[in-house]
J.: 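Input: one structure, supplied below.
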Amino acid sequence: MSTPTTTRPGAESAPGYRPGRTLPLRVEALRQWKRRRTLVMGGILIALPFILMIAFAIGGEDGDRNGRITLMDTATASGANFAATCLFVSAGFLLVIPVALFCGDTVASEASWSSLRYLLAAPVPRSRLLASKLAVALGYSAAAMVLLPLVALAVGTVAYGWGPLQLPTGGSVPAGDALFRIAVAVAFVFASQLVTAGLAFWLSTRTDAPLGAVGGAVGLTIVGNVLDAVTALGDWREYLPAHWQFAWIDALQPQLEWGGMVKGTAISLTYAVVLFALAFRGFARKDIVS
């Protein structure tokens, strides 16, 4: 009579199998790079500075604003001013789209193509799959945040020259310091968009429709902006990420102010961590049928 044999945990795994080596980041990054939406989004971000430059050339000087000078009025003062202006006109909505697209499309698209279960059968651990996709999505989102002002700085320098950053409030910041100020602004814009990233990524794990995840994240971001405009909410608005989305303007003051950006980053990170945690928790228990 044969006796039953026992195996230690993990003995059934194939020789050489290492969960941490499945789905390397470079593989996922290359897969996402080849997606048409990545190239289209990059083309739009590159084209925007050229479109604005043409608009300024056609429109000429702005009309009187009752004596008030805004960032738009100083757009053609230097390359740094042009980069800051491009960031100003795009931070509120345009830069929301690539973040929602990269983070909302990544998991839902695999489900819609019926390839998600094959990835998991590779076998790629679910946590590893999500971590790789989230890291790549955030990487491409950060690249989108950097690409726009970088192209704008190059275009603006060629068109308007290299010089100090002229501040709407008066005075100027030396060109070298201006680069640091713009970098701080870009970093904060990315941090403020982490809420949209969290929403999109969480929705992407809950639906098989990429458009639903992307559209849902953009829609909820817009709802946040609308609620922030309701002054009747009073101090409650300070708990809305949208309330701090333009705090990066403090980096373009004569004296750099950190208070608003620190508060905005803390609020955004708090929401983002919760949403990412919900995405990992829900996906670990999800019945993958596609």
Side-chain angles (χ1 to χ4, degrees), residues 45 68-75 77-96 98-99 103 138-139 141-153 156-157 162-199 221 224-225 227-231 233-277:
L45 293 175
R68 293 185 297 108
I69 298 178
T70 67
L71 196 59
M72 294 293 291
D73 296 316
T74 62
S78 68
N81 279 91
F82 186 69
T85 301
C86 287
L87 190 63
F88 177 75
V89 300
S90 59
F93 182 73
L94 178 61
L95 291 180
V96 173
V99 175
C103 294
L138 290 178
S141 299
M145 300 293 153
V146 174
L147 179 63
L148 176 63
L150 194 62
V151 173
L153 183 64
T157 299
W162 177 257
L165 176 67
Q166 302 295 330
L167 303 177
T169 55
S172 63
V173 175
D177 192 22
L179 293 180
F180 171 73
R181 299 287 191 96
I182 293 174
V184 169
V186 172
F188 175 77
V189 171
F190 174 69
S192 67
Q193 296 296 344
L194 287 176
V195 177
T196 301
L199 281 170
T221 301
N225 291 334
L227 290 176
D228 183 56
V230 180
T231 56
L233 290 176
D235 293 340
W236 287 102
R237 293 187 300 162
E238 295 187 6
Y239 296 97
L240 296 172
H243 185 72
W244 305 99
Q245 64 179 330
F246 286 105
W248 62 270
I249 295 294
D250 291 344
L252 305 183
Q253 302 299 324
Q255 188 68 32
L256 197 155
E257 299 289 341
W258 294 97
M261 289 187 285
V262 170
K263 292 180 181 177
T265 299
I267 293 290
S268 182
L269 282 176
T270 300
Y271 280 104
V273 168
V274 171
L275 289 167
F276 289 145

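Small disclaimer: the values here were computed from a predicted structure and weren't measured.
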J.: Given Phe190 and Val146, is the side chain to side chain contact (heavy atoms under 4.5 Å, CB included) satisfied, shown in steps?
T.: CA-CA 9 Å; Phe190 174 69; Val146 174; over 6 Å; no
J.: Please answer whether the main-chain N or O of Met261 pairs with a side-chain N or O of Trp244 as donor and acceptor at a distance below 3.5 Å.
T.: no
J.: Just verifying a value: how many Å separate Asp250 CG and Trp248 CH2, rounded to the nearest 0.5 Å?
T.: 10.5 Å
J.: Take Phe93 and Thr221 through the side chain to side chain contact (heavy atoms under 4.5 Å, CB included) test and state the conclusion after the steps.
T.: CA-CA 9 Å; Phe93 182 73; Thr221 301; over 6 Å; no
J.: Determine the minimum heavy-atom distance between Leu95 and Val189, stating which atoms define it.
T.: CD1-CG1, 4.0 Å
J.: Any donor and acceptor pair, going by atom type alone, linking the side chain of Thr157 with main-chain N or O of Gly79 inside 3.5 Å?
T.: no
J.: Of all residues at least two apart in sequence or in a different chain, which pass the ring-ring contact (aromatic ring centres under 6.0 Å, His included) check with Phe188?
T.: none
J.: Set out, in order, the CA-CA distance, both residues' side-chain angles and the distance that settles side chain to side chain contact (heavy atoms under 4.5 Å, CB included) for Leu87 and Val186, then state yes or no.
T.: CA-CA 8 Å; Leu87 190 63; Val186 172; 4.1 Å; yes
J.: Within a 6.0 Å radius of atom CZ on Phe246, are there more than 12 heavy atoms belonging to other residues, nucleotides or ligands?
T.: yes
J.: Where do Leu138 and Cys103 come nearest, in terms of heavy atoms and distance?
T.: CD2-SG, 4.2 Å
J.: Atom CG in Leu252, atom CD in Gln166: separation rounded to 0.5 Å?
T.: 12.5 Å
J.: Ignoring hydrogens and geometry beyond distance, is a side-chain donor-acceptor pair present between Asn225 and Gln245 at under 3.5 Å?
T.: yes
J.: To the closest 0.5 Å, what do you measure between OG1 (Thr265) and CG (Leu194)?
T.: 8.5 Å
J.: Could you measure the distance from the CD1 atom of Ile249 to the CD atom of Glu257? Nearest 0.5 Å is fine.
T.: 13.5 Å
J.: Tell me whether the count of non-hydrogen atoms from other residues, nucleotides or ligands lying under 6.0 Å of CH2 in Trp162 goes above 12.
T.: yes
J.: Taking all non-hydrogen atoms of both residues, which atom of Ser78 and which atom of Pro164 are closest, and how far apart?
T.: OG-O, 3.0 Å
J.: Among residues at least two apart in sequence or on other chains, which ones pass side chain to side chain contact (heavy atoms under 4.5 Å, CB included) with Val230?
T.: Ala232, Leu233
J.: So, for Met145 and Gln193, which heavy atoms are closest and what is the spacing to 0.1 Å?
T.: CE-CG, 3.8 Å
J.: Closer than 3.5 angstrom, by distance alone: can the side chain of Ser268 be matched with the main-chain N or O of Pro241 as a donor-acceptor pair?
T.: no
J.: Which pair of heavy atoms, one from Ala83 and one from Pro149, lies closest together, and at what distance?
T.: CB-O, 3.8 Å
J.: Hey, what do you get for CG (Asp177) to CG (Leu256), rounding to the nearest 0.5 Å?
T.: 8.0 Å
J.: Which atoms form the tightest heavy-atom contact between Leu240 and Gly224, and what is the distance?
T.: CD1-O, 4.2 Å
J.: With Asn81, which of Leu167, Leu153, Thr74 fulfils side chain to side chain contact (heavy atoms under 4.5 Å, CB included)?
T.: Thr74
J.: Only counting residues at least two apart or in another chain, list the ones meeting salt bridge (charged side-chain N to carboxylate O under 4.0 Å, His left out) with Arg237.
T.: none
